[in-house]
Asker: 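Let me begin by handing over the structure; questions about it come next.
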Amino acid sequence: MTVQSSLINMVKGHALMTSRMSYLLVIGLLLLAALLRTYDLANLPPGFSEDEITNIRLVDNVRQGDIYVFYPGEDGGREGAYHVLIAFVTSFVGEGTIGFRITSLWLSMLSIAIIYTLGNHLFNPIIGVLSAGLVTVNMSSILLARAVSSDAAVLFLISATMLALARSLPVYRRTRDVSSSIVSFAALGGLLGIGVYAHPSSLFIVLGAIFYIAHLLYFRNVMFRQHRSYTLFAILLMLIISMPYLISSINLPQYAAGQRILPHYNDSLLTSAANGLLAIVSSGDVNPLHNLPGRPLVDAFSGILMLAGLVICILRRHRPRFMLLLIMFVLALPAALIVENSPNFHRMSVILPQLAIFFGMGFYSLIRAPIFVDVIFRRMAVAGVLALLAINVVWTWSDLFADWRDHEAVMPLVNGDLGQIAHFFDTVGNELPVVFCDAGWDTEQEQRAIGSSDKTLLMMNRSGFRYQEADCSRSLLLTNGGAKQRIVLFDRQTRDSVHPYLQEWLANGRPLTGNLPRDTVFELDAAQLLADRAGALTTTAPLSYAPEVAEPEPIAPPIRFGGNLTLLGYEPDVQRAFLPGEAVEVITYWRVEGEFLPDITLKNHILADPVTPIGIRDVISVNPLMLRERDVFIQVTSIQLRDTALPGKYIVSVGAYRQSDQQRLPVLKDDQAHGDRIFLYEIEVLPLPAADEDGA
């Protein structure tokens, strides 16, 4: 039987649509949903938003064993169940933009299947197929399936809870003596109990379920003793599962969902609700992370059918199956509409299944009108169904994969530049050494702020990627003796902060083009330049040992230190006269000779005599954990002179020590210790200008 003939039979009555027919149609919808949700999943959106990155960092906490009911944050608290689920899934499928998003995608696909089952169970296969079709092509649902957000779990929770209620309780007019399955009630209690650990909206889902049970029990009186005992079991199971949540909410009220359900608003609650309702068919959500700004949640025709379905539910509210939809819709509305910056389509996922079934009911009531008995109008109805689906598919495809992808507001919100860089290295891998220019690394901090390199790595789908880190504003890392490498300057601020001396080296590189942000990834082959420079330093940059171990006399670099570190020399052509309080810039060249100690720091001193410093700066501007043999780094160190420094000659000395025990690395001469510092050159501190007679 063709699809067209199947749809013609649909308009005659649902009895003519067999289960096999509806299964074939919903399988087609699921394949379409999979296409819309998985197409270019790795790069659409190209990266993660700051909220998603926060969620991913919480996933790392879960892997480390830090599992809590609430994770504290600047925006209050976050429930942890979604992060536990992602940690479990990514342990099998891997990380990156695909690995972290796949959980939301699977939840979205399951939700579509559940919505079809719910519509079929409550009403008929036609309404089930139509409801699933609306969610399939809904752009907000597709974007949520591509987001690392606990909002993605809400669509699944509300649809699964409604199905569990429908399968467990008598939702039809007649009550039957047929025993309900204990599994359905266990699923109901489990969903209600676990849901509170996933999202604040689950509290409204629980409230709706309790109200519906009370409606059947006290108003309709349609529940037999077995139903009542099983329902009590479901509620008891919910309470047992949710008990830690309740206790944590009492002990930590500042992080509990109750503090986040109704936050403080600039607008009134009525204004927030009105904006949300209008956005369904009119203005849309202006947040580019949730929607293409200006696009409504559904088209106008579908909105009219939803309204018709809602009216039908109100008119037939005496029937339990209609009342189920009505109660779950009305009690979930505050979670969807009373939100900050309303409308928020991600928060509206708590009412999307109800709206979808309202749409199916409205369309079904339309095609059941007497006029559709005529074969011509039947075919028009079939054409209308197909046209509506086709229009929404084309509309969503165009808006998602063209307009939304290219929208100017999307890239900054999802760190799109970093996502493009991540995709580039996913493609090329480790064919060349890579240096990430990121000033955010700091080996002294156990929990440092997440930097651009960390965000880029989160967005990569390749495992085992090797890279090195440096603060390129003050250091340039030349890997493998200056052989060809790639240097990544993540943004304009990073590029502008590079020291002018280091920019001269970078000018020899070639910026890569293509699907990359401009001037972010450079290829640099500086082996010959470095060799020439190191050779020149042997004659132009004389050094001397510390006076306590040898007479001050010029020696030529390089000078070896302990810990597989060698001083290749320094830049002699620098400013050497300063006023008190000014900064002295010392430019040194260092080479790694083997396995490098992970906690080495370079010490840079300005000395008035061999032991009295007037300026100190101990710093290393490359990540020592990642240094390898034959790596060379150029470091520009700024040493602040004391304001009280007296005019005169001062000497610049350098050395290195281990942070763990403050043990200085020895200077080696013929593989024997020869002091622990090297003197470079003299600078002069000038007297301050004399004040004029007016005290200026």
Side-chain angles (χ1 to χ4, degrees), residues 433 443 468 470 474-483 526-572 574 586-605 607 610-611 616-637 639 651-682:
T443 56
Q468 294 170 268
R474 290 290 166 178
S475 183
L476 179 63
L477 176 58
L478 302 174
T479 63
N480 194 25
Q528 188 59 49
L529 290 172
L530 181 60
D532 294 342
R533 188 59 185 153
L537 293 179
T538 60
T539 58
T540 62
L543 308 167
S544 63
Y545 293 115
E548 65 266 19
V549 296
E551 289 293 330
E553 60 182 24
I555 57 174
I559 299 295
R560 293 193 61 192
F561 283 73
N564 292 319
L565 179 64
T566 294
L567 173 63
L568 294 180
Y570 61 89
E571 174 56 51
V574 294
V586 179
I587 302 174
T588 50
Y589 289 70
W590 302 85
R591 183 173 65 206
V592 179
E593 303 293 354
E595 184 177 354
F596 201 68
L597 298 174
D599 60 343
I600 284 182
T601 294
L602 303 181
K603 60 187 183 73
N604 303 269
H605 294 178
L607 302 174
V611 295
I616 298 175
R617 182 71 191 281
D618 295 350
V619 65
I620 185 169
S621 298
V622 295
N623 192 337
L625 292 170
M626 299 178 174
L627 291 176
R628 304 166 190 155
E629 187 175 0
R630 298 193 74 246
D631 287 348
V632 174
F633 60 95
I634 308 169
Q635 177 154 312
V636 181
T637 305
I639 310 171
I651 192 73
V652 178
S653 74
V654 296
Y657 66 91
R658 301 190 62 175
Q659 294 184 23
S660 57
D661 55 12
Q662 301 296 306
Q663 184 67 39
R664 294 186 178 186
L665 301 184
V667 176
L668 300 180
K669 180 180 181 182
D670 299 328
D671 293 329
Q672 299 296 319
H674 205 64
D676 55 22
R677 53 184 175 159
I678 287 291
F679 285 8
L680 304 186
Y681 54 86
E682 284 188 342

Asker: Just checking Tyr545 against Phe679, ring centres under 6.0 Å apart?
Answerer: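 Distance test on ring centres: not under 6.0 Å, no.
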Asker: For Leu680 and Tyr570, which heavy atoms make the closest approach, and how far apart are they?
Answerer: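 That would be O-OH, 3.5 Å.
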Asker: Quick one: does Gln672's side chain have a donor or acceptor within less than 3.5 Å of a partner on Lys669's backbone?
Answerer: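 Not a single qualifying donor-acceptor pair exists.
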Asker: For Arg658 and Leu597, work out which heavy atoms get closest and say how close.
Answerer: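 Reported closest heavy-atom pair: CD-CD1, 3.7 Å.
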Asker: At their closest point, which heavy atom of Pro558 faces which heavy atom of Thr566, and how far apart are they?
Answerer: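 Heavy-atom minimum between the residues: CB-CG2, 3.6 Å.
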Asker: Pair Tyr657, Thr601 - check side-chain contact (heavy atoms from CB on, under 4.5 Å), show working.
Answerer: CA-CA 6 Å; Tyr657 66 91; Thr601 294; 4.0 Å; yes
Asker: Determine, stepwise, if the pair Phe596 / Leu565 fulfils side-chain contact (heavy atoms from CB on, under 4.5 Å).
Answerer: CA-CA 8 Å; Phe596 201 68; Leu565 179 64; 3.8 Å; yes
Asker: Pairs under 3.5 angstrom only: tabulate donor-acceptor contacts from the side chains of residues 627-635 to other protein residues two or more places apart or in another chain.
Answerer:
unit_1	atom_1	unit_2	atom_2	d
Arg630	NH1	Asn480	O	3.2
Arg630	NH1	Asn480	OD1	2.7
Asp631	OD1	Asn480	N	3.0
Asp631	OD2	Gln468	NE2	2.7
Asp631	OD2	Arg628	N	2.8
Gln635	OE1	Ser621	N	2.9
Gln635	NE2	Val619	O	2.9
Gln635	NE2	Thr637	OG1	3.2

Asker: Search all heavy atoms of Ile600 against all heavy atoms of Ala656 and return the closest pair with its distance.
Answerer: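 Closest approach of Ile600 to Ala656: CG2-CB, 4.2 Å.
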Asker: List the steps and the verdict of side-chain contact (heavy atoms from CB on, under 4.5 Å) for Trp590 and Leu602.
Answerer: CA-CA 10 Å; Trp590 302 85; Leu602 303 181; 3.5 Å; yes
Asker: Could you pull out the closest heavy-atom pair between Ala527 and Ala483, with the gap in Å?
Answerer: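 The pair with the smallest heavy-atom distance is CB-N, 4.1 Å.
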Asker: Quick one: salt bridge (Lys or Arg N to Asp or Glu O under 4.0 Å) pairs with a partner in residues 527-548, sequence neighbours left out?
Answerer: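 Every salt bridge (Lys or Arg N to Asp or Glu O under 4.0 Å) pair that includes a residue of residues 527-548, provided the two are not neighbours, is Arg533-Glu571, Glu548-Arg677.
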Asker: Determine, stepwise, if the pair Asp599 / Asp661 fulfils side-chain contact (heavy atoms from CB on, under 4.5 Å).
Answerer: CA-CA 10 Å; Asp599 60 343; Asp661 55 12; 5.6 Å; no
Asker: To the nearest 0.5 Å, what is the distance between OG1 on Thr588 and CG on Asn604?
Answerer: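 Thr588 atom OG1 to Asn604 atom CG measures 6.0 Å (nearest 0.5 Å).
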Asker: So that I can tick it off, tell me whether Lys603 and Asp618 are bridged by a salt bridge, with the cut-off set at under 4.0 angstrom between side-chain N and carboxylate O.
Answerer: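 Here Asp618 does not pair with Lys603 in a salt bridge, since their nearest N and O are not under 4.0 Å apart.
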Asker: Supply the atom-to-atom distance Leu607 CG to Ile651 CD1, rounded to the nearest 0.5 angstrom.
Answerer: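 The distance works out to 7.5 Å.
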Asker: Would you say the side-chain atoms of Asn623 pair up with the backbone N or O of Ala470, donor to acceptor, closer than 3.5 Å?
Answerer: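 No, because the side chain of Asn623 does not come within donor-acceptor range (under 3.5 Å) of the backbone of Ala470.
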Asker: Verify the neighbour count for atom CD of Glu682: are there more than 12 heavy atoms of other residues, nucleotides or ligands below 6.0 Å?
Answerer: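 Result for CD/Glu682: enclosed.
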Asker: What's the spacing between Asp676 CG and Ser653 OG if we round to 0.5 Å?
Answerer: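 It is 9.5 Å, given to the nearest 0.5 Å.
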Asker: Between Leu665 and Gly562, what is the shortest heavy-atom contact and its length?
Answerer: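 It is CD1-O, 3.3 Å.
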